[in-house]
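What's counted below: heavy atoms across the whole structure, side chains too, no hydrogens, waters or symmetry copies.
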Amino acid sequence: MHFVLVHGAGHGAWCWYKIRCLMEASGYKVTCLDLKSAGVDLADRNYVSTFDEYNQPLTNFISNLPQNHKVCLVAHNASGANITDAMYRFPEKIHVAIYIAANMWKHGSPGVDVKLDYMLATMLLKPTPAGARKYLDGPGDGSVPPRVFIKTVHDQMAIPENQDAMIESWPPSNVYEVESDHSPFFSTPFALFSLLVKAAT
């Protein structure tokens with residue numbers, strides 16, 4: 001099983017290091033991507049003017065997957081929009097889309113305000129390009145892969161009420177809860193690892 005982990009606003013692929021270690025030690029294939037201008041990507045965020053540009057690393061990765069190869073897409077926070085976009089573009093290449101306290105709104109939905117993404121994170125966070133916030137309208141539901149939402153019950157950023165609103169607005173196949181703050185990949189990696197495997201299977 002191949003997991004593709006997509007960081008939230010301000011983060012980079014680096015934020016998944018604990019989860020990646022746990023998954024690879026258990027025999028799973030894991031890819032952690034930097035979106036355009038995030039993490040160690042050298043692009044200047046001031047020149048990333050559209051959502052499509054910001055999401056290009058994920059789009060390119062999925063479009064280059066071998067035929068009949070499916071991945072489990074995992075999003076945190078704002079990258080929910082990134083995997084939703086990929087889910088509509090490449091439904092045949094996605095086994096399941098997993099949202100961890102992530103923006104899970106249909107294309108064209110107005111969404112809600114969610115506070116953005118502490119010692120490690122404050123040293124590494126980078127601003128998200130303003131243009132990446134302009135989500136594109138997309139097609140209707142159509143035939144898309146199943147979705148799973150992992151709710152972070154002690155979240156002070158993506159507050160539980162906002163998470164519940166997304167779940168109610170676009171009900172996923174399953175909802176799981178983790179006793180965690182906004183970043184379970186840091187605070188409760190073992191619990192998150194177990195839920196990711198459960199969601200994927």
Got a sec: does the CD of E168 have more than 12 other heavy atoms crowding it under 6.0 Å?
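Not more than 12 within 6.0 Å, no.
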Nearest heavy atoms of [X] and [Y], plus distance in Å:
{"X": "P184", "Y": "I100", "answer": "CG-CG2, 3.6 Å"}
{"X": "P189", "Y": "I19", "answer": "O-CD1, 3.3 Å"}
{"X": "A101", "Y": "A158", "answer": "O-CB, 3.9 Å"}
{"X": "S49", "Y": "E53", "answer": "OG-OE2, 2.8 Å"}
{"X": "A102", "Y": "M166", "answer": "O-CE, 3.4 Å"}
{"X": "P91", "Y": "P145", "answer": "O-CG, 3.7 Å"}

Taking a hydrophobic cluster as the set of Ile, Leu, Val, Met, Phe, Trp and Tyr residues connected by side-chain heavy atoms closer than 4.5 Å, whether directly or through intermediates, do L5 and Y17 fall within one such cluster?
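Both belong to a single hydrophobic cluster.
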According to a 4.5 Å side-chain heavy-atom criterion applied to Ile, Leu, Val, Met, Phe, Trp and Tyr, with indirect links allowed, do V153 and V148 form part of one hydrophobic cluster?
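Each belongs to a different hydrophobic cluster.
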Check K36 with D44, please: is the shortest side-chain N to carboxylate O separation under 4.0 Å?
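Looking at K36 together with D44, the answer is no, because their closest N to O distance does not fall below 4.0 Å.
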Among L73, D34, D85, find the residue that satisfies the side-chain contact (heavy atoms from CB on, under 4.5 Å) test when tested with L58.
L73
Reference residue V6; test side-chain contact (heavy atoms from CB on, under 4.5 Å); the match among V74, N55, T31, L35:
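Between V6 and the candidates, side-chain contact (heavy atoms from CB on, under 4.5 Å) is satisfied uniquely by L35.
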Report yes or no: does [X] contribute a side-chain atom to a donor-acceptor pair with the main-chain N or O of [Y] at less than 3.5 Å?
{"X": "H2", "Y": "V30", "value": "no"}
{"X": "K151", "Y": "V178", "value": "no"}
{"X": "S169", "Y": "A165", "value": "no"}
{"X": "N64", "Y": "N60", "value": "yes"}
{"X": "R147", "Y": "W170", "value": "yes"}
{"X": "S173", "Y": "P146", "value": "no"}
{"X": "S26", "Y": "L22", "value": "yes"}

How are the rings of W14 and F186 set relative to one another: parallel (under 30°), tilted (30 to 60°) or perpendicular (over 60°)?
parallel
So, taking the atom named [atom1] in [X] and the one named [atom2] in [Y], what distance separates them when rounded to the nearest 0.5 Å?
{"X": "D164", "Y": "F149", "atom1": "CG", "atom2": "CZ", "answer": "8.0 Å"}
{"X": "M87", "Y": "I94", "atom1": "CE", "atom2": "CD1", "answer": "7.0 Å"}
{"X": "H76", "Y": "I83", "atom1": "NE2", "atom2": "CD1", "answer": "12.0 Å"}
{"X": "H69", "Y": "E92", "atom1": "NE2", "atom2": "CD", "answer": "12.5 Å"}
{"X": "S180", "Y": "H154", "atom1": "OG", "atom2": "NE2", "answer": "8.0 Å"}
{"X": "F3", "Y": "C72", "atom1": "CZ", "atom2": "SG", "answer": "4.5 Å"}

Between Y99 and T84, is the side chain to side chain donor-acceptor pair (under 3.5 Å) condition met? List the steps.
CA-CA 9 Å; Y99 297 74; T84 296; 2.6 Å; yes
Does a side-chain heavy-atom distance below 4.5 Å link [X] with [Y]?
{"X": "K18", "Y": "F193", "result": "no"}
{"X": "L65", "Y": "F90", "result": "no"}
{"X": "I98", "Y": "I150", "result": "yes"}
{"X": "M104", "Y": "P172", "result": "yes"}
{"X": "T201", "Y": "M1", "result": "yes"}

Short side-chain donor-acceptor distance under 3.5 Å, Q163 and T152:
yes
Examine the side chains of D155 and H182 and answer whether a donor and an acceptor come within less than 3.5 Å of each other.
yes
Just do the side chain to side chain contact (heavy atoms under 4.5 Å, CB included) check on D52 and T59 with the steps written out, would you?
CA-CA 8 Å; D52 280 346; T59 302; over 6 Å; no
